[in-house]
Protein chains: 2
Amino acid sequence: MNTFTEENYLKAIYHLSIKEESVSTNEIAASLSTKAASVTDMLKKLAEKGLINYTKYQGVTLTASGEKVALNIIRKHRLWEYFLVEKLNFKWDEVHDVAEELEHISSKELVDRLDDFMGNPKYDPHGDPIPDRNGKFKAYELKPVSTMEVNHTGVISGVREHSPAFLQYLEKQQLVIGKKIKIEEINSYDHSVILSVEDKRVHISREVANNLLIAL
Amino acid sequence: MNTFTEENYLKAIYHLSIKEESVSTNEIAASLSTKAASVTDMLKKLAEKGLINYTKYQGVTLTASGEKVALNIIRKHRLWEYFLVEKLNFKWDEVHDVAEELEHISSKELVDRLDDFMGNPKYDPHGDPIPDRNGKFKAYELKPVSTMEVNHTGVISGVREHSPAFLQYLEKQQLVIGKKIKIEEINSYDHSVILSVEDKRVHISREVANNLLIAL
DNA sequence: TAAAAAATTTAGATTAGTCTAAAAATTTAA
DNA sequence: TTAAATTTTTAGACTAATCTAAATTTTTTA
Ligand SMILES: [Mn+2]
Ligand SMILES: [Mn+2]
Ligand SMILES: [Mn+2]
Ligand SMILES: [Mn+2]
């Protein structure tokens, strides 16, 4: 149907489309660690196949059909991540690269049965929503810890960054999905935050507070 | 490490090596549904990488390193088949094609954890042995039903053919792995066999009797 | 044991995906 | 509002895997 590479392009365009209407060649190249010239070639091919809307020099958007393909890859990626964490005891920082491979396994039957086997989970280990077999999903409404005020509480429900380094750091501080936190102090000089998780006080930088998300 | 295609060649050579010492270009081409000219090219590459022993016009054998790669692919193939049948309720005739894709997922960690998750099974859904993480395995000692005599009994433990059509046929007759059978009659004209499984009499052709295997 | 047949390899193309370097278009900013 | 900077596309090449057709080697067989 679509090649491994085409699927990766569609997924990248989908993710980049969340921030802006139209996605540029250079952004795609950066996101896939490839060169702009290669991207241009692929954009022509994807447009040819009716998966993207592409006008020279104007950037691209996904067509309905392209979005459907992208969402299916994302569904598979997140379901496999859930499987790896919940059934095979992987840590949340170890699953992304394996899921990058597994997401390209084509069998629809496999994904749907896997989904059922796990009880049709709605969110992956990082708090990202898992599209159902029709591509429908509901994202949590989230805000970064950095926007909270002193004495407010919230439940950790997502992350804005998925690097193993960041996830490992969070885990070490017990700042994982589902934990309830309370803002104890905000340092007005560097915007770092002291919060409490399970009666322990943790001091996090502004950057961390920006990338750690709380359910509204 | 090795490409998807290289892995498929090594696996094909491994399977063909069971019947003969040295494997020919044409046999590989037939087994992979490709052309002899393509095979020759790939053999040069695999020899270059030290994965096969290849002398022009003389056929090939796997090196120790090539065999190790092949066994790892086979390990993954069979473990995934076991997973699909035991955990996701696939039928034994539905798993092969999906496993052909899954066997190329590279993560060693994934396979080993999957192995543990399922309790380190020794045989796949078709009775084929699953190599352990060191590539060691023990095949059942098997003989075809066609070599059995009247009134002898045995336990179905493997198949010589893996086509969905054959497997579906067997399933319909209740002739599945683990079932005990007894030879009731052998038709000396066409070598067809009447046997009993769980008090039911089943009439199978010589061809089926040849491809259905009993533990010694 | 020399033709004929079969198997295998080589030669030359093709396709997907990638790259660098150069050209063209767009955006920015003086 | 034109020149400079940036972005994007084109041109031309390369690699992996494949193919067909032709050449070569091995095997068969008469
Ligand atoms: Mn991921
Ligand atoms: Mn995730
Ligand atoms: Mn199989
Ligand atoms: Mn099998």
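Within every chain, numbering begins at 1; the chains are lettered A, B, ... in the order of the sequence lines, protein sequences first and strands thereafter. Values in this document were obtained by computation on a predicted structure and should not be read as measured data. The figures that follow rest on heavy atoms only: side chains count, while hydrogens, waters and symmetry mates do not.
Map A:M42 and B:Y57 each onto its nearest nucleotide of DNA chain C; the residue landing nearer the 5' end is B:Y57.
In this structure, A:E6 places its CD atom 9 Å from P of C:dA16, rounding to the nearest Å. When rounded to the nearest whole Å, the span between NZ of B:K49 and C1' of D:dT15 equals 13 Å. Rounding to whole angstrom units, NZ of residue B:K44 and C1' of C:dT8 are separated by 11 Å. C:dT26 atom P lies 10 Å from atom NZ of A:K56, rounded to whole Å. B:L46 places its CG atom 13 Å from the P atom of C:dT9, with the value rounded to the nearest Å. In this structure, CG of B:N8 is placed 17 Å from P of D:dA16, rounded to the nearest angstrom. The CD1-P distance, from B:I28 to C:dA7, rounds to 14 Å in whole Å. A:N26 places its CG atom 13 Å from the C1' atom of C:dT26, with the value rounded to the nearest Å.
For the side chain to side chain contact (heavy atoms under 4.5 Å, CB included) with B:I204, the qualifying choice from B:L170, B:I181, B:L195 is B:L195, the only one to do so.
Note that B:K87 lies in the cation-pi zone of B:F117, set by a 6.0 Å cut-off to the ring centre and a 45° limit from the axis.
Residue B:T40 is in base contact, counting any heavy-atom pair closer than 4.0 Å across all strands shown. When heavy atoms are screened at a 4.0 angstrom cut-off, A:Y54 is found touching the sugar-phosphate backbone but no base atom.
Side-chain N/O atoms of B:S24 include none lying less than 4.0 angstrom from OP1 or OP2 on C:dA7. The side chain of A:T25 contributes an N or O atom lying less than 4.0 Å from OP1 or OP2 of D:dT9.
Judged by distance alone, the side chain of A:S192 and the main-chain N or O of A:N187 form no donor-acceptor pair under 3.5 Å. The backbone N or O of B:K143 lies less than 3.5 Å from no partner atom in the side chain of B:T147, so there is not a single donor-acceptor pair.
The aromatic rings of A:H162 and A:H126 lie perpendicular to each other, with more than 60° between the two planes, well past the 30° mark. Relative ring orientation between A:Y140 and A:Y123 is described as parallel, the plane-to-plane angle staying below 30° on a 0-90° scale split at 30° and 60°.
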What pairs of nitrogen or oxygen atoms, one from the protein and one from nucleotides 19-22 of chain D, lie under 3.5 Å apart?
from, atom 1, to, atom 2, distance (Å)
D:dC19, OP2, B:T34, OG1, 2.6
D:dC19, OP2, B:K35, N, 3.1
D:dC19, OP2, B:S38, OG, 2.6
D:dT20, OP2, B:K35, NZ, 3.0

| side-chain hydrogen bond (donor to acceptor under 3.5 Å, both in side chains) between A:N72 and A:K108, intermediate numbers included | CA-CA 9 Å; A:N72 186 240; A:K108 172 133 187 67; over 6 Å; no

